[in-house]
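Keep in mind it's a predicted model, so treat the numbers as computed, not measured.
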Amino acid sequence: MTADASPAATTALARWNSWSLATQFAVAGGVVMLIAMLIVGRWVATRIEAGVVRNTANATAQYMESFISPLSQDLAKSDSLSPVARRALAEIFADTPLGERVVSFKLWKPGGLVVEASDKSLVGQRFEVDAAQQAAWDGTVSASFEQLSDVESSGENALGLPLLEIYSPIREVWSGRIIGVAEFYEVASELTDELAAARRNSWAAVALVMLALGSSLYAIVLRGSRTIDQQRAALTRQLDRLTELSQHNTTLRLRVQGAASRASAMNEQSLRQIGADLHDGPAQLMGFAALRLDALRSAVTGDAAARDLSAVDRAVKDAIREIRSISRGLSLPDIEVRPVPDLLQGLADAHAARTGTSVALSCELPPDLRIDTATRICLYRFVQEGLTNAWRHAGGLSQEVRLQLSSGQLILTVSDGGPGFAPAPETPTPDSRPAGPAAQTDVETASMGLAGLRDRIESLGGTFEAGRSASGGAQISMTLDAKDRGWTPSES
């Protein structure tokens, strides 16, 4: 049942939303106004009918009172009328215009006692006092039209005529107190026509008012709906243009990122070749020179010449170490095929072996995550530069590397337990500069290294941040959108 109703409800809602605001108002407002018209029309018609019946009953009651009241004064002292009064009442309703108009009557005493009636079989009987008769005992003329449901009205009901049942109080002439109630039934053919006309007029008036009100509101809503439709169409066109422009920008951005990735890979390949050339070329030549210097040491005489030879030998060996260090830094160990956790672990182990410090590594990546070469190179260089700075500026204290995939974001952080980043002085002074060329070189190298990392990361569409870690030391972090790069596993 629910499965069948859900598509129908969805279809109806979609159809409703496809309509204009004016059409929606016409449908919803039409239903509401129709219900309101039925309620108001029924209420107005009922009130008009009640007013017409009441006015007719009052007019008839006043007319009948002029005949019945003088003949009913005996009811003030007795529960029956005198023979003279009865004969007079019979003459009034027999073969007279009044008798043709009023087909039946009853005179009541308190407690529902019928003391006189056109139907003599009812005289002396007691019946339950209904609300209409009680209203007459309270001094109010009451009437009902075509609602003859009382037991004592069965004879009148059998006539099959439209009858107006009227209850009118009978008052004592001198005191004005109510001594009885006169009930009579008037043929109301004209009243039927009046009520029908009143119903037609009331319903027509209500319908015209509702129609005028609905038309006025619809005209206002229609004007607003057209304005909204025009604005919606304009916004839709603008949105289409913005969507097209956004798609074009996305395509261009992906192309730029792809070009940057390829350029980075080519640059790393060039650096790797340079490192290999340094190792196989100048490093070998410098090694040969060091060997020849050792061979010439025995042929040198004099302390000054020996000291010069030793100085040259040390310089050559230092140059060999620098060349080999640069060569190792430029080379990348099978970065395309090795898993990223193994790649970073090897880098951390090499750094620990070289510096004698420990590195805490945490790598939380899905095993089926496929990362492109440009991103692998960026991760490798990021960790390499971060650990180098941590050893250089923090002495390798509390070095930590953390890589994780969270909410489609690849996040890599490198932190240490050192003093953190020092704030740059607003105006450099001789006293505030680093002491000596070596310190100046370290600061400039670190700044250039972070700037290079930032450029490398941003070329891949990522973000770079540098600040303090939770322990107060320095921390650098990079973030890449894994979903945007298309290598996020399905479960991520």
Candidate pair Leu211 and Met33, rule side chain to side chain contact (heavy atoms under 4.5 Å, CB included), full reasoning
CA-CA 9 Å; Leu211 180 61; Met33 297 190 108; over 6 Å; no
Assess whether side chain to side chain contact (heavy atoms under 4.5 Å, CB included) is satisfied between Asp240 and Glu244, documenting all intermediate values.
CA-CA 6 Å; Asp240 293 339; Glu244 182 180 355; over 6 Å; no
Report the C-alpha distance between Leu242 and Ser246 in whole Å, list the side-chain angles of each, state the deciding distance to 0.1 Å, and finish with yes or no for side chain to side chain contact (heavy atoms under 4.5 Å, CB included).
CA-CA 6 Å; Leu242 289 176; Ser246 176; over 6 Å; no
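Within 6.0 Å of the CD atom in Glu465, the count of heavy atoms belonging to other residues, nucleotides or ligands does not exceed 12. Few gaps surround CZ on Arg241; more than 12 heavy atoms of other groups in view lie less than 6.0 Å from it. Atom CH2 of Trp43 has 12 or fewer neighbouring heavy atoms from other residues, nucleotides or ligands inside a 6.0 Å radius.
Of all heavy-atom pairs spanning Ser202 and Ile48, the tightest one is CB-CD1, 3.6 Å. The two atoms that bring Ala143 and Leu164 nearest to each other are CB-CD1, 4.1 Å, heavy atoms only. The two residues Val401 and Val414 come nearest to each other via the heavy atoms CG2-CG2, 4.2 Å. Nearest approach of Gln399 to Trp391, heavy atoms of both residues: OE1-N, 3.8 Å. Taking each heavy atom of Leu480 and Gly461 in turn, the nearest pair found is CD2-C, 4.4 Å. Of all heavy-atom pairs spanning Thr413 and Ser477, the tightest one is CG2-CB, 3.4 Å.
Side-chain N or O atoms of Ser216 include one that pairs as donor or acceptor with a backbone N or O of Ala212 at under 3.5 Å. Of the possible polar contacts, none joining the Arg381 side chain to the Leu453 backbone as a donor-acceptor pair under 3.5 Å is found. Of the possible polar contacts, one joining the Thr355 side chain to the His351 backbone as a donor-acceptor pair under 3.5 Å is found. Between the Arg468 side chain and the Pro419 main chain, a donor and an acceptor come within less than 3.5 Å of each other.
Looking at Asp481 and Gln409, their side chains come closer than 4.5 Å, going by heavy atoms from C-beta outward. Under the 4.5 Å side-chain criterion, counting only non-hydrogen atoms from C-beta, Arg456 is in contact with Ile377. At least one side-chain heavy atom of Arg402 sits less than 4.5 Å from a side-chain heavy atom of Glu364. Put simply, the side chain of Val44 does not reach to within 4.5 Å of the side chain of Arg47, judged on heavy atoms. Side-chain atoms of Asp349 and Gln345, non-hydrogen and from C-beta on, do get closer than 4.5 Å to each other. Contact annotation: the side chain of Thr375 never approaches that of Val340 to less than 4.5 Å [non-hydrogen atoms, C-beta and beyond]. Annotation: side chain of Leu403 is in contact with side chain of Leu410 (closest heavy-atom distance under 4.5 Å). Put simply, the side chain of Ser469 does not reach to within 4.5 Å of the side chain of Asp416, judged on heavy atoms.
Sorted by first and then second residue, the side chain to side chain donor-acceptor pair (under 3.5 Å) pairs with a member in residues 22-39 read Ser20-Thr23; sequence neighbours excluded.
Rounding to the nearest 0.5 angstrom, the gap separating the OH atom in Tyr380 from the CD atom in Glu385 is 12.5 Å. Remark: Leu405 CG to Leu412 CG distance equals 12.5 Å, nearest 0.5 Å. For the atom pair CH2 of Trp137 and OG of Ser142, the computed distance is 12.5 Å after rounding to the nearest 0.5 Å. How far CG of Leu343 is from CD1 of Ile371: 10.0 Å, rounded to the nearest 0.5 Å. A distance of 11.0 Å separates CD1 of Ile228 from CG of Leu235, quoted to the nearest 0.5 Å. Between Gln134 atom CD and Glu128 atom CD the span is 11.0 Å, to the nearest 0.5 Å.
Relative ring orientation between Phe25 and Tyr218 is described as parallel, the plane-to-plane angle staying below 30° on a 0-90° scale split at 30° and 60°.
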